[in-house]
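Structure first, then comments.
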Amino acid sequence: MQNTEVGKSYLDGLNDIQRMAVTTINGPVMVIAGPGSGKTRVLTFRIAHLLKSGVPPYQILALTFTNKAAREMKDRIETVAGGDAYKVWAGTFHSIFARILRVEAHKIGYPNDFSIYDTDDSKSVIKEIIKSLSLDPKVYNVGAIRSRISSAKSNLITPKMYPGNEELMEQDKMNRRPMTFKIYEKYVAKCKRAGAMDFDDLLLQMFRLLYQNPENVRAKYQAQFKYLMVDEFQDTNFLQYEILKLFVIYDGSEQNVCIVGDDAQSIYSFRGATIENILQFESDFPEVKTYKLEQNYRSTSYIVKAANEVITYNEKQIKKEIWTDKEEGHKIKIIKGMTDGEEGKMVADSIIEHKNRHSLANKDIAILYRTNAQSRVFEEHLRRSNIAYKIYGGLSFYQRKEIKDMVAYMRLATNYKDDEALKRVINYPKRGIGATTITKLTDLANDNEVSMWQCLNQIELKPRAKQSVGKFISIVKASQEKAQTMDAYQTALFIAKRSGIVDGFKAENNIEAQNRLENINALLDGIQEFVEDDVLDEGEDINKQERTLTNFLQTISLMTDQDKDVDNVDTVTLLSVHAAKGLEYKAVFVVGMEENLFPSYMSLAAPDQLDEERRLFYVAITRAEEFLTLSYANSRYQYGQMRFNDPSRFLEEISDDNIEASISITKKPQFGTPKILGKFKPIGSASKQKALTIDPKDFKPNDKSEIKVGQTVLHMNFGHGEVLSIDARKVATIRFPNLHENAEKRIMLDYARLQIVEEN
DNA sequence: GTAGTCACTATTTGA
DNA sequence: TAGTGACTAC
């Protein structure tokens, strides 16, 4: 195809290197894209360019890591290319593969309606296995085993191969978990029996599907996907790369594959991502053309310089230096607090200052931290300063109990073998099926190596239990029938009623039940929307598959809370550095810049991991467009006790030229100062401060006997609240206006620490 | 079978 | 500290 035939206007906005990366569409291409270098632009324009060059959209496969990135890409392609751009196969690895597996799964022995097990489901399965093998659950830590299994899968090590791998076996022995291989074996068998795939399976089974079916499957998809693109390639693991190769490397392949990534932003090695893939790519595709995008369009020069300085401390890296032609801008600010509380206050104050002085909106501002647990202090001070904020991370909608319960019923309706779903709701709402019955059931299922559902009719039970089980069976059967005859919304509505979940909440009739009910309604609304989307037709996304219940379940299980629609409320954003990747803000606060925290203490021993922390810091600072503030505290509460940390080594890696002069870093820790925190604080100053902030040292809880109805009290976490009632068991209902609208909490006076602020 | 209590433990990131 | 899971008492 000649460029001249193609409308050129969209290429005009690109710099030379970007344009090369966009227009080199034949053969393998590698784009190393520094932060803010227009990576997404290149990807989308490249796809647009393919389309305009006459490539049919369904021949293009673009893989990303997050739904958000995929959606953004799709939206932008449509703007640039229009037409049937939505037919491009763009999505996350997991969602694209799930989509293919829905069609092909039966060829590798799974039902096409397979369930998708989330992390909780996997853990629950593993837990049961550990128990059944009579292993000590303290030694055999569920989380550790799960990640062990996950990484085995990601490296294509099957349960059969595992015991033969000396390195793995040796590691397990050292960790006193020599039976890990056995758990792995049972885990895989159990998931298979349940007709379920976990997240890793979506990749692994995709690989198996292609690998084992060279003629009738692999060839088909090789022929279909003529142009492949992978975003954030540095985050791919071994398995993902192997799948990519199955798509691209074969006799007669044109090898039109383009990977985009930045080794300096590789921050997911803990979950199996390996930079090796980038190096490997160069040797697997010797013809590769490499383009380095080094011009940064995002940040002002002090920030760019600081980023470059920091990253040079890492030894392993693809040589590159980002640069900008933007003005120098503002130097980087460093804030130091005595305590984490003070750090929070200072950051909140600084945010106000930024807003006033530089007329920034809330949404221009983000607070980035290493661990989600750090968000609390900042929430508190933002709330006190009346700054609207939102937090990424934490419990997402689909992780709420009532939602998971509903989803479990829906899963059973589409895949009766789904043991995890069955266990979740067999006695929910309570219908008198107790531990004894469930144990019998699991034992029988395990002994016969079938799903629990298949045993339901066969276990011998006392009449009462039998009746209860019968009730459950009839609910599920009825739901299954509905699922086959009605649409997803009708089915869900039916389940909500027939299961008794809705009635249960209605009967409870308190605020919490009310909330849960609302959540269920929100879920139902969501399903309805999902169903009706179909009617709109000429839709936008490729996930416009049939609007079945199965597909709805798939969509939500692959969704994360970062996929929540970003509503247009003007709020400050609080999020972990990991979650911030790919985002940008005018003003960024990177907080908790302390040794043992950032870098995390888990990383200090291993140089590799320390490098990853540094890349993480690199990602953090390059999120900032104009203002970058780094903060730390001399002491902070961690795990319920006061800890003292040195300022982060990363702070010293930025040269003074780029840092605002007024504050210099205390290089030596000052252990002496905060030792006797709060003990001798004059009483007068306490009341003055308390309206703005709760410092632990100003918090003087009253005895539970003094708490009375009508008082205004102060709670360390929830702030001010009004005591509405106290019942006989000394449980107080307190309304905390600061939490969210009319949030009422039931607080046990025996345990809570409350300070009386006003008598009434 | 359930609710309530107690003790323990985990402390990183997330699809 | 807070969240969870096991245990105990009804």
Figure out the OH/P separation between Y428(A) and dT2(B), and round it to whole Å.
-> 13 Å
Could you please name the option among dG14(B), dA3(B), dA15(B) that lies closest to any side-chain atom of Y268(A)?
-> dG14(B)
With side chain to side chain contact (heavy atoms under 4.5 Å, CB included) as the test, would you mind laying out the steps for I183(A) and R148(A) before giving the verdict?
-> CA-CA 10 Å; I183(A) 303 173; R148(A) 203 83 183 131; over 6 Å; no
Apply side chain to side chain contact (heavy atoms under 4.5 Å, CB included) to A408(A) and list each qualifying residue two or more places apart in sequence or on a separate chain.
-> A421(A), R424(A), V425(A)
Rounded to whole angstrom units, what separation is found between the CD atom of E612(A) and the C1' atom of dT13(B)?
-> 8 Å
Of the listed nucleotides dA3(B), dT12(B), dA15(B), the one nearest the side chain of E613(A) | dT12(B)
Can a side chain N or O of S600(A) be found less than 4.0 Å away from OP1 or OP2 on dT13(B)?
-> no
From the candidates dA3(B), dG14(B), dT12(B), the one with an atom nearest any side-chain atom of H578(A) is dG14(B)
Counting just side-chain N and O atoms, does K581(A) come under 4.0 Å of either OP1 or OP2 of dA15(B)?
-> no
Polar side chain donor-acceptor pair, E232(A) to Q234(A), under 3.5 angstrom = yes
Taking the side chain as every heavy atom from C-beta outward, state whether L574(A) and Y369(A) have any atom pair closer than 4.5 Å.
-> yes
Pairwise C1' distance, dT12(B) and dG5(C) [rounded to whole Å] | 23 Å
To the nearest angstrom, how far is L368(A) atom CG from dG14(B) atom P?
-> 11 Å
Side-chain atoms of M602(A) come closest, of dT12(B), dA15(B), dT2(B), to dT12(B)
Determine the contact category for F93(A): base if any of its heavy atoms lies under 4.0 Å from a base atom, sugar-phosphate if only primed atoms, P, OP1 or OP2 are that close, otherwise nothing.
-> nothing
Please give, in whole Å, the distance from dA15(B) P to R271(A) CZ?
-> 6 Å
With under 30° as parallel and over 60° as perpendicular, where do the rings of H578(A) and Y268(A) fit, or are they tilted in between?
-> tilted
On DNA chain B, nearest-nucleotide positions of F65(A) versus Q638(A): which is more 5'?
-> Q638(A)
Measure from the side chain of K127(A), starting at C-beta and using heavy atoms only, and say which of dG5(C), dA3(B), dA15(B) lies closest.
-> dG5(C)
Does a side-chain N or O from R464(A) land closer than 4.0 Å to OP1 or OP2 of dG1(B), or not?
-> no
Respond yes when some side-chain nitrogen or oxygen of N427(A) is under 4.0 Å from OP1 or OP2 of dG1(B), and no when none is.
-> no
Could you state the atom-to-atom distance from CZ of R643(A) to P of dA10(B) in whole Å?
-> 14 Å
OH of Y392(A) versus C1' of dT12(B): gap in Å, rounded?
-> 20 Å
Hey, does R636(A) reach any base, or is it just sugar-phosphate, or nothing, if we go heavy atoms under 4.0 Å?
-> nothing
Evaluate the ring planes of F650(A) and F598(A), with Trp represented by its six-membered ring, and classify them as parallel (under 30°), tilted (30 to 60°) or perpendicular (over 60°).
-> perpendicular
Does N372(A) place a side-chain N or O at less than 4.0 Å from the phosphate oxygens OP1/OP2 of dG14(B)?
-> yes
Among dT13(B), dA2(C), dA3(B), find the nucleotide with the atom closest to the side chain of R376(A).
-> dA2(C)
Just how far, in rounded Å, is P of dA15(B) from CZ of F97(A)?
-> 17 Å
So what does T119(A) touch, heavy atoms closer than 4.0 Å: a base, only the sugar-phosphate, or nothing?
-> base
ring centroid sep under 5.5 Å plus plane angle under 30, F270(A) with dT13(B) = yes
For the pair made of CD in Q234(A) and P in dT13(B), what is the distance, rounded to whole Å?
-> 20 Å
N141(A) or I267(A), whichever maps to the more 5' nucleotide of DNA chain B = N141(A)
